[in-house]
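Below you'll find the structure, written out as structure tokens, and then a few comments.
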Amino acid sequence: MLGVLLVYAISRIVFKHTKESGLKLRRIWITYFAYPILNIHTMVKGAPPTTGVLYIANHRSFADPIVISKFLNAFIIAKAEVASYPVINKGIEVTGIIYVKREDKNSRTSARKAFVDVIKKGQNVLVYPEGTVSRTQKTLPFKKGTFYEAIKEDIAVVPIALEYRDERDLWTIDNFVGQYLHQFGKWKTETKLTFGPILTADNGEELTKKCQDWINTEITSMQHEWVDFEYEK
């Protein structure tokens, strides 16, 4: 990733950095470097709409944005702690991220305003409304603020379901480096990814439930063929 960033930095001497060029850089790195090096294999169903959409995904692993971003250009809303992750932090800063301190109300409000501005300008945004990784069979309860904002601003919302085959892909080790070695020390990472339909509702509460129900139904279907491990109860 550092090599790609170096080449990109040199190229910016001639060509101005834009949101679009940053997202393109991310996709190039993921497609031609991350996926082959980490040996990630993803079975994909559905296709994302093109622009100006809020995507809602379940959260299993720090690798989730890597898996999804091969198929989707989107700014990612992530917890502020991501800024301390080695190497990956610099990559996502250049290629499109909105940081949020989830325990800080003002930060959450600023992040919601930022994602609305990004979407209104025709870009996509990806949100993990659980607020943290889930190791359970279904998702953790979704934070509702994002959904209320989407209803208020009349923003299209699309759910994404993501599941991994191996329990080592779930984020079970608090240390980033330890989890990285634990997860990618195996030969192959197998995932399933489904882009859902645009969901509508009359209010934020209903939209939250629709998204969570759709994702839980889809990941349950994904898990049906993958019974290699037990989820936490």
Open item on the list: Does atom CG (N175) have a neighbourhood of more than 12 heavy atoms from anything else shown, all under 6.0 Å?
Closed with: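 Enclosed.
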Calculate, to the nearest 0.5 Å, the distance between atoms [atom1] and [atom2] belonging to [X] and [Y] respectively.
X    : Y    : atom1 : atom2 : result
N124 : Y55  : CG    : OH    : 4.5 Å
Y128 : L162 : OH    : CG    : 7.5 Å
N216 : Q223 : CG    : CD    : 9.0 Å
K144 : E149 : NZ    : CD    : 16.0 Å
D213 : T217 : CG    : OG1   : 6.0 Å
Y32  : R27  : OH    : CZ    : 10.5 Å

Step-by-step side chain to side chain contact (heavy atoms under 4.5 Å, CB included) determination, C211 to V157 | CA-CA 9 Å; C211 283; V157 175; 3.7 Å; yes
Sub-4.5 Å side-chain heavy-atom contact between [X] and [Y]:
X    : Y    : value
T194 : I160 : no
Y148 : L207 : no
L181 : V177 : yes
L54  : F115 : yes
N58  : P129 : no
S61  : Q183 : yes
N39  : T189 : no
I155 : V116 : yes

Would the distance check show the side chain of [X] and the main-chain N or O of [Y] forming a donor-acceptor pair, the cut-off being under 3.5 Å?
X    : Y    : answer
Q179 : L170 : yes
W29  : T31  : no
K120 : E153 : yes
R165 : E190 : no
D166 : D169 : no
K192 : M222 : yes

| said: Using salt bridge (charged side-chain N to carboxylate O under 4.0 Å, His left out), reason through D64 and R60 one step at a time and then give a plain yes or no. | reply: CA-CA 7 Å; D64 294 351; R60 292 296 197 198; over 6 Å; no
Give a yes-or-no answer on whether the side chains of [X] and [Y] include a donor-acceptor pair shorter than 3.5 Å.
X    : Y    : result
T139 : S134 : no
T51  : Q123 : no
T42  : Y35  : yes

### Message
Working note: F176 + F62, criterion ring-ring contact (aromatic ring centres under 6.0 Å, His included); need CA distance, chi angles, decisive distance, verdict.
### Response
CA-CA 9 Å; F176 177 87; F62 76 86; 4.9 Å; yes
*Does a side-chain N-to-carboxylate-O contact under 4.0 Å join E130 and K143?*
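Between K143 and E130 there is no salt bridge, as every charged N stays at least 4.0 Å from the carboxylate O atoms.
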What pair of heavy atoms forms the shortest contact from [X] to [Y], and how long is it?
X    : Y    : result
T200 : K210 : O-NZ, 2.7 Å
A34  : I66  : CB-CG2, 4.0 Å
I151 : G204 : CG1-N, 3.8 Å
V158 : G196 : CG1-O, 3.3 Å
W214 : P197 : NE1-CD, 3.6 Å

Practice item. Name all residues meeting the side chain to side chain donor-acceptor pair (under 3.5 Å) criterion together with K45; count only those two or more places apart in sequence or in a different chain, and write none if there are none. Key: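 Once residues adjacent in sequence are excluded, the partners of K45 under the side chain to side chain donor-acceptor pair (under 3.5 Å) criterion are E218.
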I28, V67: one ILVMFWY side-chain cluster at the under-4.5 Å cut-off?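 Yes, I28 connects to V67 through the hydrophobic network.
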Quick one: do L38 and V133 end up in the same hydrophobic cluster if we chain Ile, Leu, Val, Met, Phe, Trp and Tyr together by side-chain heavy atoms under 4.5 Å apart?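 Yes, L38 connects to V133 through the hydrophobic network.
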Start with the C-alpha gap between T132 and H59, add the side-chain angles, then the distance that decides, and say whether side chain to side chain contact (heavy atoms under 4.5 Å, CB included) holds.
CA-CA 7 Å; T132 187; H59 201 7; 5.9 Å; no
Worked check of side chain to side chain contact (heavy atoms under 4.5 Å, CB included) between M43 and L193:
CA-CA 6 Å; M43 298 167 55; L193 178 66; over 6 Å; no
request  = Kindly confirm or rule out a cation-pi arrangement of K186 over F184, judged by NZ or CZ under 6.0 Å from the six-membered ring centre and within 45° of its axis?
outcome  =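 Satisfied, under 6.0 Å and within 45°.
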Verdict with supporting geometry, F71 and V44, side chain to side chain contact (heavy atoms under 4.5 Å, CB included): CA-CA 9 Å; F71 309 96; V44 183; 3.5 Å; yes
